[in-house]
Amino acid sequence: AGALVPSEKELAQQYGVSQITSKNALNGLVEEGLIVRFRGKGTFVREDGSPDGLEHPPDPKRTIAIILPTMKT
């Protein structure tokens, strides 16, 4: 917890993938709540279940949404 994660560029080079692939992987980990990103500071492993790495409890509520361009029956 709290460890610095390598940058998108470093991960791409280390694993031999494109930078967009490493970016998508990191974004997926953010969505899963495993890491937190701070602009200009870096990406860190999330601490103690807090959604943004700060000291406050996570919100147990979740929202699921669907966008429908048209609704036909």
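Small disclaimer: the values here were computed from a predicted structure and weren't measured. Both backbone and side-chain heavy atoms feed into the values below; hydrogens, waters and symmetry mates do not.
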> Does some side-chain heavy atom of Leu34 sit less than 4.5 Å from a side-chain heavy atom of Val45?
Replying inline: no

>> Distance check, rounded to the nearest 0.5 Å: Ser22 atom OG versus Gln13 atom CD?
In response: 9.5 Å

>> Would you compute the distance between atom CZ of Arg46 and atom CD of Glu32 and round it to the nearest 0.5 angstrom?
In response: 10.5 Å

> So do Val30 and Val36 actually touch side chain to side chain, heavy atoms under 4.5 Å?
Replying inline: no

>> Which residues pass the side-chain hydrogen bond (donor to acceptor under 3.5 Å, both in side chains) test with Thr43, not counting sequence neighbours?
In response: Arg37

> Listed by chain and number, what are the side-chain hydrogen bond (donor to acceptor under 3.5 Å, both in side chains) partners of Asn24, not counting sequence neighbours?
Replying inline: none

> Got a sec, which residues hit side-chain hydrogen bond (donor to acceptor under 3.5 Å, both in side chains) with Glu10, two or more places apart in sequence or on another chain?
Replying inline: Ser7

> Any chain of hydrophobic side-chain contacts (each under 4.5 Å) joining Leu26 to Ile20?
Replying inline: no

